[in-house]
Structures are given as structure tokens and as C-alpha cells.
Amino acid sequence: MGNNVGLTKDAGWQFGIRKTMPANLETLWNLFFSDRGLGFWCEGVDQNFSTFKEYSHIRTKWRHRDFAEDTNLQIRFIPSKNKDKTTISFHVDKLKNESQREMTKDYWSKVIEDLKLLQEDTVSSSVLR
């Protein structure tokens with residue numbers, strides 16, 4: 001395989017990113033799947049999830065607007081031991097090439113940053129009430 005970061009032996013190219021957020025599992029999950037939250041990440045996502053385990057993970061198909069084919073998407077929510085933080089993890093595989101991997105990296109990295117901003121905005125709004 002050489003130095004091709006993200007190239008797997010049998011599943012094509014893959015990409016994964018995770019971020020720990022300052023919110024408990026239920027709060028982050030509910031924000032992520034709210035109408036407002038869905039607007040930040042569900043473009044190209046098949047919402048007929050092949051796996052949907054509440055407060056844990058989903059599996060489905062995802063297609064970037066520049067891709068001709070679907071990829072596999074897994075999103076996991078991992079609570080911290082002290083329950084006040086949650087790690088959200090995105091994993092995409094069945095990418096065709098390194099270019100698709102880079103587009104996937106750009107897309108889901110932006111989703112992570114947007115979700116962080118949405119979560120901060122939600123916390124600020126609830127404090128102001």
C-alpha cells in the first residue's frame with residue numbers, strides 16, 4: 001500500500017474524523033438530529049439508515065455532490081466517563097480515490113466545525129433565557 005494514507009487493502013479509500021464536544025450525550029444527539037442540526041450535515045445522506053441505535057450510532061449511505069456513487073457513512077457518539085463531554089466520530093469508506101478522500105475530509109471537517117459553532121450558539125442562547 002505504500003504511503004497512501006487512507007487507502008485500505010480491500011475497501012478502497014477511507015476517511016475518519018472525531019471531535020470531543022463539551023456536551024453530554026443526549027444533548028449532543030438531540031441537537032445533531034434536530035431540524036436545525038440536520039441542516040448542517042445531512043446533504044447527500046440517505047436518511048433511511050441501515051443502522052440507527054439511539055444515543056450511539058448510525059450507518060447509512062452518503063454521496064458528496066461531486067461523487068457519482070454512494071459511500072458508506074458511520075457516525076458514532078461516544079460519551080466521556082464523566083458524562084459532560086461527548087466525542088462525535090465520522091467514518092466514510094468505499095471512496096474511489098485520494099481526491100474523493102480529500103473532498104470527504106473537507107466536507108466532514110466543516111461539519112465538525114459547524115456543529116461546534118451550533119452547539120456553542122445553543123448553549124449561549126439557553127444561558128440568555
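No experiment lies behind these values; they were computed from the predicted model shown.
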Does L95 form a side-chain contact (heavy atoms from CB on, under 4.5 Å) with T104? I'd like the steps, not just the answer.
CA-CA 9 Å; L95 297 164; T104 299; 3.3 Å; yes
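- In the model, D106 has no side-chain atom that pairs as donor or acceptor with a side-chain atom of S109 under 3.5 Å.
- A donor-acceptor pair is defined here as one N or O able to donate and one able to accept, closer than 3.5 Å; no such pair exists between the side chain of D121 and the backbone of L117.
- A tilted orientation is assigned to the rings of F32 and F90, their planes being inclined by 30° to 60°.
- A 4.5 Å side-chain heavy-atom check between F77 and H57 finds every atom pair outside the cut-off.
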Between D70 and K94, does the side-chain contact (heavy atoms from CB on, under 4.5 Å) criterion hold? Intermediate values first, please.
CA-CA 8 Å; D70 291 338; K94 301 286 185 188; over 6 Å; no
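- The two residues W29 and K53 have their closest heavy-atom pair at CH2-O, 3.5 Å.
- Side-chain N/O atoms of D93 and N72 include a donor and acceptor closer than 3.5 Å.
- Checking E102, E98, Q100 one by one against W13, the side chain to side chain contact (heavy atoms under 4.5 Å, CB included) holds for a single residue, E98.
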Could you walk me through whether I88 and I112 pass the side-chain contact (heavy atoms from CB on, under 4.5 Å) check?
CA-CA 8 Å; I88 186 167; I112 288 265; 4.0 Å; yes
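- Atom-to-atom distance recorded for L73:CG and C42:SG is 11.5 Å, nearest 0.5 angstrom.
- T86 places a side-chain N or O within donor-acceptor distance of the main-chain N or O of A23, the cut-off being under 3.5 Å.
- The shortest distance between side-chain heavy atoms of W62 and W41 does not fall below 4.5 Å.
- In this structure, the side chains of K85 and M21 stay at 4.5 Å or more apart for every pair of heavy atoms.
- Residues M103 and F67 come closest through the heavy atom pair CE-CE1, 3.7 Å.
- If you look at Y55 and F33, their ring centroids are not closer than 6.0 Å.
- Looking only at distances, no side-chain donor or acceptor of T51 sits under 3.5 Å from a matching main-chain atom of R59.
- Between K83 and N24, the closest heavy-atom pair is O-CB, 3.1 Å.
- A donor and an acceptor atom, one from each side chain of T20 and T87, are located under 3.5 Å apart.
- Connection of F52 to I75 is established within a shared hydrophobic cluster, with ILVMFWY side chains joined at heavy-atom distances below 4.5 Å, either directly or through further cluster members.
- A salt bridge between E43 and R65 is present, with a side-chain N of the basic residue lying under 4.0 Å from a carboxylate O of the acidic one.
- Cluster annotation: W108 is connected to L38 through the hydrophobic network of ILVMFWY side chains, with a link wherever side-chain heavy atoms come within less than 4.5 Å.
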Can K61 and T71 be said to form a side-chain contact (heavy atoms from CB on, under 4.5 Å), step by step?
CA-CA 6 Å; K61 299 293 182 190; T71 62; over 6 Å; no
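- Distance check, rounded to the nearest 0.5 Å: NE2 of H64 to CD of E69 gives 12.0 Å.
- In this structure, K116 NZ and L118 CG are separated by 13.0 Å, a value rounded to the nearest 0.5 Å.
- We find the CZ-OG distance between R18 and S89 to be 4.5 Å, quoted to the nearest 0.5 Å.
- Distance alone, capped at 3.5 Å, places no donor-acceptor pair between the T60 side chain and the Q47 backbone.
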Intermediate values then yes/no, side chain to side chain donor-acceptor pair (under 3.5 Å), Q14 and H91:
CA-CA 7 Å; Q14 66 180 352; H91 181 84; 3.2 Å; yes
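- Using modelled atom types, no side-chain atom of Q119 and backbone atom of L115 make a donor-acceptor pair closer than 3.5 Å.
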